[in-house]
Amino acid sequence: MTEARGRRIAVLRERASGETRVAATPETIKKLVALGAAVAIESGAGVSASIADDDYRAAGAEIGALDQVVRGADIVFGVQGPEPALLTGAAPGAWVVATLDPFGQRERVNAYAAAGLEALAMEFMPRITRAQSMDVLSSQSNLSGYKAVLVAANLYGRAFPMMMTAAGTVSAAKVFVMGVGVAGLQAIATARRLGAQVSATDVRAATREQILSLGAKPIFVETIAGIEGEGTGGYASEMSEAYQRAQAELVSSHIAKQDIVVTTALIPGRAAPRLITDAQVASMRPGSVIVDLAADAGGNVEGTVAGDRVVKHGVTIIGATNLARSLAADASALFARNLYNFLSAFWDREQNRPLLPDDDEIVKGIRLTRDGKVVHERLTAA
Ligand code: NAD
């Protein structure tokens, strides 16, 4: 493939342990080819997401070994950031489009810069309407929220729906969702579909209506104002001590009656807020299950171990990390569409390649490195 500069996209097989997803699907390959790109996929890249090399080939991709695929690539797609050493042979200034964990993998970001690569961190996508279809955090969180409820249901020794049987009645499980963003909304919807009695809380006032519209009960601190409306860019900030105290009291009285708790609360750039103490865990009925989706950010629950399951006071606490990976095919399909939507939005038809204007809000949000330097203000300021 010797197409004009700017058109060659390489999709690598993910190498991180436990990663099952892939950054392109036959559907997005077709669309990328229609846009004018040539796509090369590393052999086996889609296997764990149930996509065979032949499926990619049929969609118009070239399949090859790593070095063949990377050679001359202008854009490299990944789910997680590839090690810079894998990218030897890519075109000078090639873009790396993936989730790059910029704070956790700072050395790797420096190495992208040193290699002259332009690293674009998809998890830094700004929360603006125009970028909604490119937002990998949202697409993956939605699936995590769904899966969190299934994981809890699977471990719970009782049923979710109320059942009236000849042998007597089985009562409905009580599910409490803390943090009603993308993951929390899907957790509420999923728990409702399974027949549970669902309640939910958040600090952003706008979520009250959303909770009600899903048929769940809002549990809110009433004595101290939370965050009006959506919050800044849809994000929460750290709450005052008085609010935290009031929230703790509210949770204490509510949580003892719950069977399943799903926590999803995150504050950008900070450790996850602690929402459930060990004493509150102890107040729950043995056999209850807590799924902590904030485990990677330190956890919302005292005693959470990221990536592990612990039992405290008879309550199982799951430190969930990236549950979307357990839905590899759907998670890949959505992730791949996010990347396609990003690239196509910046595709310049005349030059037949994507162009990233320096003053664009999205570009400023996601561009980490350029011309041999780390350029992102959140990294240069740190
Ligand atoms: P998130 O993952 O940052 O946080 C999860 C939830 O935890 C949020 O609802 C937050 O308010 C809540 N939370 C934080 N601290 C809390 C506390 N102490 N107690 C209880 N809850 C707490 O959020 P998210 O899921 O990414 O999305 C949040 C909002 O942003 C949603 O309204 C979503 O629709 C919006 N959003 C918009 C776009 C876009 O327009 N492009 C993209 C993504 C999300």
Side-chain angles (χ1 to χ4, degrees), residues 99 122-146 148 176-189 199-211 213-214 216 218-222 224-252 254-255 261-277 280 290-302 320-324 334-335 337-338 341-342 345 361-362 365-366:
T99 50
M122 293 304 282
E123 67 266 62
F124 276 7
M125 190 62 70
R127 277 177 180 172
I128 52 175
T129 307
R130 181 164 64 97
Q132 229 160 359
S133 66
M134 313 171 195
D135 190 336
V136 297
L137 292 185
S138 291
S139 72
Q140 306 300 296
S141 291
N142 173 51
L143 294 173
S144 302
Y146 159 79
F176 182 35
V177 176
M178 303 185 74
V180 186
V182 178
L185 284 171
Q186 189 55 256
I188 296 172
S199 58
T201 191
D202 201 292
V203 290
R204 292 181 299 114
T207 59
R208 184 190 291 267
E209 276 306 311
Q210 297 165 356
I211 294 167
S213 72
L214 288 170
I219 304 286
F220 277 69
V221 171
E222 305 287 354
I224 300 167
I227 296 169
E228 283 310 309
E230 283 280 357
T232 316
Y235 284 116
S237 47
E238 203 156 36
M239 305 306 284
S240 67
E241 265 183 40
Y243 185 98
Q244 288 180 28
R245 260 197 312 278
Q247 189 181 36
E249 267 173 42
L250 180 75
V251 170
S252 289
H254 188 66
I255 208 164
V261 180
V262 176
T263 68
T264 77
L266 291 173
I267 301 168
R270 291 185 177 254
R274 177 56 45 82
L275 300 181
I276 301 179
T277 63
Q280 288 166 332
I290 302 177
V291 181
D292 189 344
L293 284 180
D296 265 340
N300 294 138
V301 185
E302 188 174 354
T321 49
N322 215 333
L323 285 178
L334 298 181
F335 193 101
R337 280 186 211 138
N338 291 142
N341 290 335
F342 163 65
E361 195 176 350
I362 292 176
I366 65 172

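Whatever order the structure lists them in is the order used to number ligands and atoms, beginning at 1.
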As an exercise, identify every atom of ligand 1 less than 4.0 angstrom from a heavy atom of [X].
{"X": "Q132", "result": "39 (C), 40 (O), 41 (N)"}
{"X": "S138", "result": "42 (C), 43 (C), 44 (C)"}
{"X": "P273", "result": "15 (N), 18 (N)"}
{"X": "V180", "result": "9 (O)"}
{"X": "L275", "result": "17 (C), 18 (N), 19 (N)"}

Taking both backbone and side-chain atoms of A183, is any N or O found less than 3.5 Å from an N or O belonging to ligand 1? no
Does an N or O anywhere in I128 fall below 3.5 Å from an N or O of ligand 1?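 I128 vs ligand 1: N/O contact under 3.5 Å present.
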With a heavy-atom distance limit of 4.0 Å, tell me whether [X] approaches ligand 1 through its side chain, its backbone, both, or neither.
{"X": "Q247", "value": "side chain"}
{"X": "A265", "value": "both"}
{"X": "D135", "value": "side chain"}

State if L137 counts as touching ligand 1 under the rule of any non-hydrogen atom under 4.0 Å. no
Please state whether M178 comes within less than 4.0 angstrom of ligand 1, counting heavy atoms only. no
Taking the side chain from [X] and the backbone from [Y], do they hold a donor-acceptor pair closer than 3.5 Å?
{"X": "N341", "Y": "S133", "result": "yes"}
{"X": "Q186", "Y": "S144", "result": "no"}
{"X": "N142", "Y": "S138", "result": "no"}

Shortest non-hydrogen separation from T264 to N300 and the atoms involved: N-OD1, 3.5 Å
If you look at every heavy atom in S199 and H254, which pair is closest and at what distance? OG-NE2, 2.8 Å
Closest to atom 33 (C) of ligand 1 (judged by heavy-atom distance), picking from V182, T201, T207: V182
Side chains of [X] and [Y], donor plus acceptor under 3.5 Å:
{"X": "T207", "Y": "D202", "answer": "no"}
{"X": "S252", "Y": "Q280", "answer": "yes"}
{"X": "T321", "Y": "D296", "answer": "no"}

Under the salt bridge (Lys or Arg N to Asp or Glu O under 4.0 Å) criterion, do R208 and E222 qualify, and how do the steps go? CA-CA 12 Å; R208 184 190 291 267; E222 305 287 354; 3.5 Å; yes
